[in-house]
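One structure follows; several queries about it will come next.
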Protein chains: 2
Amino acid sequence: MNKMHKEHTLTKNQQIIFDLIDKSSEPLKAYSILYNVQKKGIKAPLQVYRALDKLVEIGKIHKIESRNAFIACHNSSCQVAKATAFSICEICEKVTEISSAGLSKYLANFKDKDGMKYSKYNLEFFGLCKKCR
Amino acid sequence: MNKMHKEHTLTKNQQIIFDLIDKSSEPLKAYSILYNVQKKGIKAPLQVYRALDKLVEIGKIHKIESRNAFIACHNSSCQVAKATAFSICEICEKVTEISSAGLSKYLANFKDKDGMKYSKYNLEFFGLCKKCR
DNA sequence: ATATTAATGTTATATTATTACACAGTGTTA
DNA sequence: TAACACTGTGTAATAATATAACATTAATAT
């Protein structure tokens, strides 16, 4: 194994849960994940939440806060869950990760009037997707 | 016709709960609100959630999604909970509503590459406040 | 090897939020 | 003045989301 390129090798539980989320076309909720992985030996909520926490921490998945649900990261530019933006359709609940250099740059450089410096942000846009419009 | 901000007369439960949140220096959680208003006759979670839902809907309070907590709106420019932005200190958990014309304008005009039009957004910045830095 | 850190397994419990149903007040319609 | 729609209330029960506590095992570093 080449260790110079630091890659997070997922553990068994993390891999099982990541695979499920990654294959899903929609955000998954923790207990829905639990039901889906019980046949693979993951029996308790805590096993799911621990894997989710770790996956979020290393940026493989993101949590959609307004929906308490998780999606895989498909945006190579969002490093380690530090800066996330999503669009959410209020009818069909389709969630898409937004990948916009302009937006990232604007938000990364944003400073409020107290001069507070931000290490992280999460932005959720709501509206109607093309199909639902 | 220029429709002015409609004045909502709060009902008894809504007023009790709004007053509590409005006086608070920090975001309040639903069950913490419940414990605090039980002496005023509000006994059940649902009574709290119903008032919270309405207060959010009319823009008197906002929900901090990442914290499941509620704060009063102190930003006259954020009409009816459509466009909200907050800064959250990851140490002391102080939450401040951000009121920046530039930011509002940028986000209100943001269009993603699918041309999705957004009716609403919520942005949460995380970092360290002045005191905790 | 052994110390240390990270992950696991398990039970129990805490926290957050909604469903379902009965009823009361208000204003509008007819 | 009823019939209706609409909004809010009260209450009990339950669903959905998340964490605490503790014992154990696996992986990594020195």
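Residue numbers begin at 1 in each chain, while the letters A, B, ... track the order of the sequences.
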Below 3.5 Å, can you tabulate the donor-acceptor pairs from side chains in residues 32-43 of chain B to any protein atom, sequence neighbours excluded?
unit_1 : atom_1 : unit_2 : atom_2 : d
B/N36  : ND2    : B/S32  : O      : 2.8
B/K39  : NZ     : B/N36  : O      : 3.0

Notebook entry, point to check: Can you give one letter per nucleotide of nucleotides 11-27 of chain D, 5' to 3': B if a protein heavy atom sits under 4.0 Å from the base, S if only from the sugar-phosphate, - if neither?
Noted result: BB----BBBBB------
Margin query: Could you work out, with ring pair (Phe, Tyr, Trp, His ring centres under 6.0 Å) as the rule, every residue matching A/F18, not counting sequence neighbours?
Written below: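 Ring pair (Phe, Tyr, Trp, His ring centres under 6.0 Å) list for A/F18, sorted by chain: empty.
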Notebook entry, point to check: With sequence neighbours left out, what residues match B/R50 under salt bridge (charged side-chain N to carboxylate O under 4.0 Å, His left out)?
Noted result: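 Checked B/R50 against salt bridge (charged side-chain N to carboxylate O under 4.0 Å, His left out); zero matches.
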Checklist line | Minimum heavy-atom distance A/A72-A/E97, with the two atoms named | finding: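 In this case the closest contact between A/A72 and A/E97 is O-OE1, 4.2 Å.
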Margin query: I'd like to check B/I21 versus B/I17 (side-chain heavy atoms, cut-off strictly below 4.5 Å). Are they in contact?
Written below: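 Counting from C-beta outward, B/I21 and B/I17 do come under 4.5 Å.
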Notebook entry, point to check: What are the 5'-most and 3'-most nucleotides of DNA chain C lying under 4.0 Å from any heavy atom of chain A?
Noted result: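 First-to-last contact on DNA chain C, by the 4.0 Å heavy-atom rule, is C/dA7 to C/dT11.
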Notebook entry, point to check: Between A/V56 and A/H62, is any pair of side-chain heavy atoms under 4.5 Å apart?
Noted result: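 No, every pair of side-chain atoms sits at 4.5 Å or beyond.
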Margin query: Taking salt bridge (charged side-chain N to carboxylate O under 4.0 Å, His left out) as the definition, give me every residue that meets it alongside B/K54, ordered by chain and number, with sequence neighbours left out.
Written below: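 Listed in chain order: B/E57.
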Item checked: Within residues 88-96 of chain A: residues closer than 4.0 Å to DNA chain C (heavy atoms) ->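 Of all residues in residues 88-96 of chain A, none places a heavy atom under 4.0 Å from DNA chain C.
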Next item on the list: State the OG1-CG distance between B/T84 and B/L123, to the nearest 0.5 angstrom.
Entry: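 Going from OG1 on B/T84 over to CG on B/L123, the span is 8.0 Å.
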Item checked: Any residue meeting ring pair (Phe, Tyr, Trp, His ring centres under 6.0 Å) with A/Y31, in chain and number order, not counting sequence neighbours ->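 Result, ring pair (Phe, Tyr, Trp, His ring centres under 6.0 Å) vs A/Y31: none returned.
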Next item on the list: May I have all residue pairs that pass salt bridge (Lys or Arg N to Asp or Glu O under 4.0 Å) and include part of residues 17-36 of chain B, sequence neighbours excluded?
Entry: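 Those involving residues 17-36 of chain B do not exist here.
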Note to self: Using C1' atoms of five pairs at each end, report the bend of the helix from C/dA1-D/dT30 to C/dA30-D/dT1 rounded to 10 degrees.
What the structure shows: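 One end axis against the other gives 40°.
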Next item on the list: Output all residues satisfying side chain to side chain contact (heavy atoms under 4.5 Å, CB included) with B/T96, sequence neighbours left out; order by chain, then residue number.
Entry: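 B/T96: side chain to side chain contact (heavy atoms under 4.5 Å, CB included) contacts with B/S87, B/K94.
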Please set out all donor-acceptor pairs under 3.5 angstrom arising from side-chain atoms of residues 124-133 of chain B, sequence neighbours excluded.
unit_1 : atom_1 : unit_2 : atom_2 : d
B/E124 : OE1    : B/S66  : N      : 3.2
B/E124 : OE1    : B/S66  : OG     : 2.6
B/E124 : OE2    : B/E65  : N      : 2.9
B/E124 : OE2    : B/N122 : ND2    : 3.0

